[in-house]
Structure formats: structure tokens, C-alpha cells
Protein chains: 2
Amino acid sequence: MTTDAATLKRPLRADAQRNYDKIVQVAAQAFAEKGTGASLDDIACRAGVGPGTLYRHFPTRDALLAAALHGALDELGDTARRLMAADDPAAALDEWILELARHLRTYGGLPESIATALQDPSSPLCTSCQPMTAGTAKILARAKEAGAVRADVQASDLNALIGSLAWASERRGDSDAALRRLIKLVTDGLRPLSVVE
Amino acid sequence: MTTDAATLKRPLRADAQRNYDKIVQVAAQAFAEKGTGASLDDIACRAGVGPGTLYRHFPTRDALLAAALHGALDELGDTARRLMAADDPAAALDEWILELARHLRTYGGLPESIATALQDPSSPLCTSCQPMTAGTAKILARAKEAGAVRADVQASDLNALIGSLAWASERRGDSDAALRRLIKLVTDGLRPLSVVE
DNA sequence: ACCTGAACACCGTTCAAGT
DNA sequence: ACCTGAACACCGTTCAAGT
């Protein structure tokens with residue numbers, strides 16, 4: 001927790017390190033409670049620092065988001081490894097899509113923040129999403145090789161698609177069952193004869 | 001242009017009517033330029049009125065949006081009528097989905113505004129979306145009867161789905177061709193053997 | 001009745017002054 | 001170097017004062 005990608009770059013003075021950690025901790029809680037758009041001023045205040053200190057460490061909202069969500073996004077890496085070892089590549093892809101959508105729904109506004117970040121490789125949030133993008137790429141490739149997915153489906157399409165579904169289900173306040181239904185609607189397609197299994 | 005749903009309820013004094021019309025006209029332009037989140041203060045200023053006047057006529061952003069987008073949303077009614085008269089119900093649904101997504105993409109942030117409005121029947125923007133919701137319901141029902149769509153697909157699902165696709169393609173700055181590809185990905189489903197035509 | 005615009009309570013951001 | 005917090009430039013919203 002005290003060792004971090006951003007921290008390892010250059011050692012911080014003890015009080016600066018303390019502030020950094022406290023801001024990240026408070027931010028994670030604030031984003032969870034109020035969503036991705038939580039007030040940065042409020043976060044600084046609750047962390048016991050001035051807004052200037054927060055902006056020094058995190059020049060943009062995405063930078064703070066990346067630091068606060070780092071742990072949650074890393075969990076996706078574990079999920080990806082598990083699914084790459086699973087027997088059925090097609091089922092693994094379905095589970096990945098569901099799991100990813102669920103993760104994106106946990107924080108309000110997260111699908112939107114990530115969709116924007118994925119567009120810009122220089123965004124720190126985009127970097128933190130690496131377990132996600134890498135996971136989609138690998139699991140999709142494996143499903144393609146198994147002939148379970150059309151060859152022209154791209155990983156970026158899939159990420160955009162899952163993100164948009166997570167966004168829609170968050171907007172509608174859908175239950176988990178409703179999310180599964182919406183996802184099944186997409187993965188199976190709309191045609192009645194399209195289900196091959 | 002001077003006669004309007006909101007206007008017909010009760011006759012407005014001449015200067016009030018002039019202000020009302022000017023605000024709607026300026027708003028339509030501002031929303032087209034800056035997206036759904038355009039500054040209301042700026043709109044009031046450009047219309048030559050104080051912010052108080054704007055808020056008197058339109059208590060919420062959605063109220064102003066509804067008035068400004070009324071014309072554009074009404075066009076969808078014509079499209080729906082045309083497609084209900086088309087030969088192939090399945091092709092008509094595909095075209096409706098594409099046309100709807102295109103409409104939602106024309107104004108920045110519109111998919112989001114409409115997704116929120118659809119959740120709340122008392123929202124004026126929800127009322128203005130009536131041509132859209134009615135169109136989806138009718139065209140979907142016809143496609144279902146023709147056996148072209150699974151029976152468990154609901155109109156609200158479809159609207160959420162199209163809205164989310166429009167949202168994603170707007171976020172990514174997709175071309176029209178890319179939008180078509182994304183939509184085809186969804187309507188056909190991801191499985192290689194799923195295309196029945 | 002309706003319009004006006006000053007005033008208010010918020011945002012996020014910057015930066016000179018401190019340590 | 002880093003922190004501090006006042007100051008700034010924006011939002012949307014309200015409301016007392018005018019006509």
C-alpha cells in the first residue's frame with residue numbers, strides 16, 4: 001500500500017509520502033461513495049491537506065483515479081489468468097465479459113472515465129487499465145482460435161462494447177440479473193436462430 | 001416555430017413569447033455546438049435575457065433540451081412511419097437501430113441525457129422522446145411477429161442498447177462506418193455461425 | 001405577470017507565501 | 001522541495017427589486 005508504481009519512481013519525503021497515501025486512501029473511499037466525479041476539494045479536505053497538495057501529486061482527476069483504483073483493476077489480472085487456464089475458451093470469454101462489466105459497475109461513472117481514458121494512451125488511468133486491456137486481448141484471441149468468435153471482432157470493439165453495457169446498466173440501476181440478461185442479449189445476438197450451442 | 005407544445009398551454013405575453021422563442025433557438029444552436037452540457041448562463045446571455053428569465057421558462061436543463069430538440073426528435077416519427085410500411089420487418093428493424101443511433105450521436109452528450117430522461121416518465125425530455133420510444137416499440141413488435149427477433153427482447157432493452165452504442169461511438173469519435181460495424185456486431189451476435197440470412 | 005441582474009453557493013485550479 | 005490556503009474564474013440557481 002505504501003509502495004506504489006508512482007512512489008517507486010523517486011523517494012518521497014516522509015510527510016509527503018504520508019499525505020500521498022492518505023489522499024489515495026480517502027479518494028478510494030470517496031469515489032466508491034460518490035462516484036468518479038467526487039469533489040477533489042472535498043477529498044483534499046478529508047485527507048487533511050490543502051487542494052494545492054492534492055494537485056501537486058495528482059495533476060488531473062484521472063491521475064488520482066488511477067492511483068485509487070489501482071488495486072481493484074489489478075484484481076482483473078488474476079481473473080484473466082484464471083480464465084486463460086479454463087477448459088472452454090468460449091465460456092471463458094463469456095465469463096470475462098460478465099466479470100469486466102461487473103467491475104466497471106462497482107464505481108459510479110467508472111465506465112465513462114475508463115472509456116475516455118482508453119482513447120488516450122498517455123492517460124495514467126489508461127496505464128492502470130493494462131490488466132483489463134491485456135486480459136480482453138488474450139481471452140478474445142484464445143476464443144477466436146477455438147472458432148468461437150468471428151475473426152473480425154477486435155479487442156477494442158469488445159472493450160467499447162462491454163464498457164457501454166456497463167454504462168447502460170449503471171444508468172438504469174439494473175440488478176445483476178438484468179445485467180446478465182443484457183449481456184446475453186448482445187453475445188448471443190438478436191436473431192432467434194443464432195444460438196448454436 | 002412560434003407555436004409550440006409548451007406555448008399552446010397558455011398564451012404568453014408578446015415579449016415573453018419573443019424571449020421564449022429566442023432562448024429555444026439559441027439553445028438549439030448552443031447544444032449542437034457545445035453538446036448537451038452547454039452553459040445555460042451563456043445561452044441566456046446570447047439570447048439577450050438574464051439567467052432568471054431562462055429559469056422561469058425552463059426550470060431544468062432537460063426542459064430546455066426537450067424544447068430545443070423537439071424538431072429533431074419529431075423527425076424520428078416520420079422515419080418510424082416509413083419503416084412500418086417497409087417490406088422486410090427484420091431489415092426495417094436494422095435500419096431503425098442505425099437511424100436511431102445516428103440521431104443520438106448528432107448532439108454531444110445526447111445519449112446520456114436521453115438515457116437518464118427515459119428513466120423518469122415525468123421528465124419533459126422523456127415526453128419529447130415519445131416518437132423514439134413509440135417507434136422502437138412498433139418496429140420491434142413487427143419484427144418479433146415475423147420471427148426475426150427473439151420473443152424475450154424488450155423495447156426498453158433495445159433502447160438502452162442503442163443508446164449505449166451511440167454513447168460508445170460518440171466517445172470513441174467513430175466514423176459512420178465504424179458505427180455500422182459496431183451495430184452489426186451486436187445485432188448479428190458474436191458467434192461465427194450465428195448469421196442466418 | 002414578467003423581466004432583470006446582483007448575489008449566492010458551489011465547482012476546479014493556480015500561485016505567492018511560508019516551512 | 002514541499003505544503004498551505006487565499007484567490008481566481010468559472011459553474012448553476014435564487015430572489016428582491018424593478019416595469
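Letters A, B, ... mirror the listed sequences (proteins, then strands); counts begin at 1. A quick note: this is a predicted structure, and the numbers were derived from the prediction, not measured.
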(message) Checking the side chain of Arg61(A) only, and the main-chain atoms of Leu40(A) only, is there a donor and an acceptor separated by less than 3.5 Å?
(response)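 No, the answer is negative, given that no donor and acceptor are paired below the 3.5 Å cut-off.
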(message) In this structure, how many angstroms lie between the C1' atom of dC3(D) and the CZ atom of Arg18(A), rounded?
(response)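 Interatomic distance, CZ of Arg18(A) to C1' of dC3(D): 12 Å.
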(request) May I have all residue pairs that pass salt bridge (Lys or Arg N to Asp or Glu O under 4.0 Å) and include part of residues 41-60 of chain A, sequence neighbours excluded? (result) Glu33(A)-Arg46(A), Asp42(A)-Arg46(A)
(request) Please check if any side-chain donor atom of Asn159(A) sits under 3.5 Å from a side-chain acceptor atom of Thr136(A), or the reverse. (result)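 Side-chain D/A pair, Asn159(A) to Thr136(A): present.
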(message) By the salt bridge (Lys or Arg N to Asp or Glu O under 4.0 Å) test, which pairs, at least two apart or in different chains, include something from residues 113-123 of chain B?
(response) none
(message) Nearest whole Å is fine: how far is dC11(C) P from Asp42(A) CG?
(response) 7 Å
(message) It should be established whether His57(B) places a side-chain nitrogen or oxygen under 4.0 Å from OP1 or OP2 of nucleotide dC2(C).
(response) no
(message) Apply salt bridge (Lys or Arg N to Asp or Glu O under 4.0 Å) to residues Glu145(A) and Arg142(A) and explain how you reach the verdict.
(response) CA-CA 5 Å; Glu145(A) 280 167 25; Arg142(A) 186 158 164 260; over 6 Å; no
(message) Taking only side-chain N and O atoms of Asn19(A), does any of them lie within less than 4.0 angstrom of OP1 or OP2 on dC3(D)?
(response) yes
(message) Rounding to an integer number of Å, can you tell me how far Arg56(A) CZ sits from dA1(D) C1'?
(response)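 Nearest whole value for this atom pair: 7 Å.
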(request) Go through DNA chain C and write down every stem, that is, every run of at least three consecutive Watson-Crick or G-U wobble pairs with distances under 3.5 Å, as range with range. (result) C:4-8 with D:12-16, C:12-16 with D:4-8
(request) Would you check if Leu65(A) and Phe58(A) make a side-chain contact, meaning some heavy-atom pair closer than 4.5 Å? (result)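 Not in contact.
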(request) Decide, yes or no, whether a salt bridge links Arg82(A) with Glu99(A) under the criterion of side-chain N to carboxylate O below 4.0 Å. (result) no
(request) Check each residue of residues 29-39 of chain B for a non-hydrogen atom within less than 4.0 Å of any atom in DNA chain D, then write out the ones that pass by number, or none. (result)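 Output list: Ala38(B), Ser39(B).
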(message) Determine whether Arg172(A) and Asp157(B) satisfy the following criterion, salt bridge (Lys or Arg N to Asp or Glu O under 4.0 Å), listing intermediate values before the conclusion.
(response) CA-CA 10 Å; Arg172(A) 305 210 293 172; Asp157(B) 292 331; 3.3 Å; yes
(message) Working to the nearest 0.5 angstrom, can you tell me the gap between Thr53(B) OG1 and Tyr20(B) OH?
(response) 14.0 Å
(request) Provide, to the nearest angstrom, the distance between the NZ atom belonging to Lys22(B) and the P atom belonging to dC2(C). (result) 21 Å
(request) Kindly indicate whether the side chain of Ile97(B), heavy atoms from C-beta on, has any atom under 4.5 Å from the side chain of Leu161(B). (result) no
Any N/O pairs under 3.5 Å between the protein and nucleotides 13-17 of chain D? List them or say none.
unit_1: dT13(D); atom_1: OP2; unit_2: Tyr55(B); atom_2: OH; d: 2.6

(request) Would you please name every residue forming a side-chain hydrogen bond (donor to acceptor under 3.5 Å, both in side chains) with Arg171(B), sequence neighbours left out? (result) Glu112(A), Thr116(A)
(request) Would you kindly give the CD1-to-P distance between Ile23(A) and dC2(D), to the nearest whole Å? (result)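 About 13 Å, once rounded to whole Å.
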